[in-house]
Amino acid sequence: MAIPGGAPRAGHTDPVAARRAEVLAAVTDRGAIRVTELAAELGVSAVTVRRAVSELAGSGQVRRVHGGAEAVEPVSPLGTGTDERPPRAADLEPLGGRTVGVLIPSLDYYWPGVVRGMQEALASHGMRMLLRGSRYDAPDELDDVARLLDSGVDGLLMAPTVQGAGGAAMRDWLATGAAPVVLVERTAAVGREHVEVESVLTDHSAGAATAVYHLASQGHVRIGIVCTEISLHAGELRHGWAGACADLGLPTTGVPDLDLPERRGPGFVAAVEAAIDTALSTGTTALLVHSDPEAIQVAQSAIERGLRIPDDLAVVAYDDEVAAFGTPPLTAVRPPRGALGHAAVELLAARLADPARPVHRVTVTPTLNIRRSSVGPVPAVQGGPGDTREARA
């Protein structure tokens, strides 16, 4: 890799090592550097400098600070060698004042609850949030990441595209280790060694299974599943549904196992009607539907056709954003959005405090909120919409 002036630095055949050496020399000479300023001096991207800082910090040669790096105290000769003791609390850098970048695919559904959980946890550490919205299929997510990093964030909480062509580019970036990252509702193995990226996930499979067990407890023996075509978690939901049905000896063939088109499209209502037709023709008496708007439409269409809910058709929604406001209030599986945000921040805080800690993956289990769409009338619980009681998944 070229240095300013276009000539390679003598004695360095490895461009990555050469860049680390340049950054280390700058930190040593000046005592501290800002990533954006040094990147401009060297004629490289801020991401390149930040990656070098991360590697140097990981080996204890510099100390990461907000927006840059500073020199570490000289090590006594008695402390050199191969001492690999874990860091003591007194050695760990305080987290207060740091900024965390958050990149999420939606600012209006599902994710606001996650962000609120993140904000609460960040505040408890004295850290700040810098939020950007992206899209599930955005080709410019790496540009969003670069903007966050150039703003001086110290780490990232993100739900990027990690599958398909766009996912390959993102996984390549994650493999560089340019910044501490925790994936939220995503998982990825990166690099030639397929190293796992730190992540926090909802166990959607367990959530779907809980819905099946609940419906079976109400006497249903033919339970179908309806997902949206754009659902990123349809595979997990189906896995949980099929596993619970197998455990209970219930069929997964000859019952609805369907996908609905995007609900704003012209074919959505017709597809819902077709799903109800399939349930009726197969003797299916209960449906697990992802997500809330689709489940509400299923219930609404069933009632308009003269069906009674839950007597003729029980409906359980997955997401529980607005399910409680359906007519009747819908039983729903609720992913633990706030807990998910809290867990993601705690993982990142631990990583910032100790860059050498092992990679962690945290899984959080959903809850089942039981309402009238799957059982008879339930005594009202004061303070909540609709008639609700909770059962831990």
Side-chain angles (χ1 to χ4, degrees), residues 104-106 109-114 116-117 136 159 183-187 199-218 220 223-248 250 252 255-260 286-296 298-299 310 314-326 329-344 361-375 378 384 386 388-393:
I104 55 174
S106 172
Y109 192 82
Y110 188 88
W111 291 98
V114 177
R116 283 192 290 272
Y136 287 109
L183 299 181
V184 185
E185 293 286 38
R186 305 286 188 273
T187 183
S199 61
V200 57
L201 306 160
T202 298
D203 192 343
H204 295 291
S205 180
T210 298
V212 173
Y213 287 122
H214 163 66
L215 290 167
S217 75
Q218 301 300 306
H220 297 281
I223 301 168
I225 186 168
V226 179
C227 296
T228 58
E229 291 178 343
I230 63 172
S231 170
L232 294 179
H233 304 299
E236 298 167 74
L237 296 177
R238 283 193 164 93
H239 181 267
W241 165 76
C245 286
D247 183 48
L248 293 166
L250 306 182
T252 55
V255 296
D257 179 2
L258 305 170
D259 286 313
L260 296 176
L287 293 174
L288 169 61
V289 184
H290 180 251
S291 56
D292 286 10
E294 288 76 10
I296 289 173
V298 167
V315 178
V316 174
Y318 195 98
D319 264 359
D320 206 18
E321 286 276 0
V322 293
F325 301 103
L330 301 184
T331 292
V333 178
R334 182 176 182 83
R337 289 176 279 271
L340 198 74
H342 271 271
R361 180 191 287 185
V362 173
T363 303
V364 190
T365 305
T367 55
L368 178 68
N369 292 334
I370 301 173
R371 305 185 179 100
R372 292 183 185 174
S373 68
S374 65
V375 297
V378 180
T388 306
R389 70 173 181 261
E390 287 196 359
R392 182 65 61 178

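Small disclaimer: the values here were computed from a predicted structure and weren't measured.
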(request) Start with the C-alpha distance between Thr331 and His214, add both sets of side-chain angles, then the distance that settles side chain to side chain donor-acceptor pair (under 3.5 Å), and finish with yes or no. (result) CA-CA 10 Å; Thr331 292; His214 163 66; 4.5 Å; no
(message) The test is side-chain contact (heavy atoms from CB on, under 4.5 Å); show your working for Cys227 and Leu260 and say whether it passes.
(response) CA-CA 6 Å; Cys227 296; Leu260 296 176; over 6 Å; no
(request) Report the C-alpha distance between Asp292 and Arg334 in whole Å, list the side-chain angles of each, state the deciding distance to 0.1 Å, and finish with yes or no for salt bridge (charged side-chain N to carboxylate O under 4.0 Å, His left out). (result) CA-CA 10 Å; Asp292 286 10; Arg334 182 176 182 83; over 6 Å; no
(request) I would like to know whether Glu236 and His239 meet side chain to side chain donor-acceptor pair (under 3.5 Å); could you show each step before the answer? (result) CA-CA 5 Å; Glu236 298 167 74; His239 181 267; over 6 Å; no
(request) Verify side-chain contact (heavy atoms from CB on, under 4.5 Å) between His342 and Val364, making sure each step is shown before the conclusion. (result) CA-CA 11 Å; His342 271 271; Val364 190; over 6 Å; no
(request) Any chance you could lay out the side-chain contact (heavy atoms from CB on, under 4.5 Å) test for Asn369 and Arg371, step after step, and finish with the verdict? (result) CA-CA 7 Å; Asn369 292 334; Arg371 305 185 179 100; 3.7 Å; yes
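We find the OH-CG distance between Tyr109 and Asp319 to be 4.0 Å, quoted to the nearest 0.5 Å.
In this structure, the side-chain contact (heavy atoms from CB on, under 4.5 Å) partners of Val255, at least two apart in sequence or on a different chain, are Arg222, Trp241, Pro251, Thr284. The side chain to side chain donor-acceptor pair (under 3.5 Å) check on Ser199 picks up nothing, with sequence neighbours excluded. With sequence neighbours left out, Arg361 forms a side chain to side chain donor-acceptor pair (under 3.5 Å) with Thr187, Glu196. Checked against side chain to side chain donor-acceptor pair (under 3.5 Å), Thr228 has no partners two or more places apart in sequence or in another chain. The side-chain contact (heavy atoms from CB on, under 4.5 Å) test applied to Ala286 returns Leu215, His220, Ile223, Ala314, not counting sequence neighbours. In this structure Glu185 satisfies the side chain to side chain donor-acceptor pair (under 3.5 Å) test together with Tyr110, Thr202, His204, sequence neighbours excluded.
Two residues are said to be in side-chain contact when any heavy atoms from C-beta on lie closer than 4.5 Å; Pro366 and Thr210 fail this criterion.
Using a 4.0 Å cut-off between a side-chain N of Lys or Arg and a carboxylate O of Asp or Glu, Arg238 and Asp259 qualify as a salt bridge.
Partner of Leu288 under the side-chain contact (heavy atoms from CB on, under 4.5 Å) criterion, out of Ile225, Val226, Val315: Ile225 alone.
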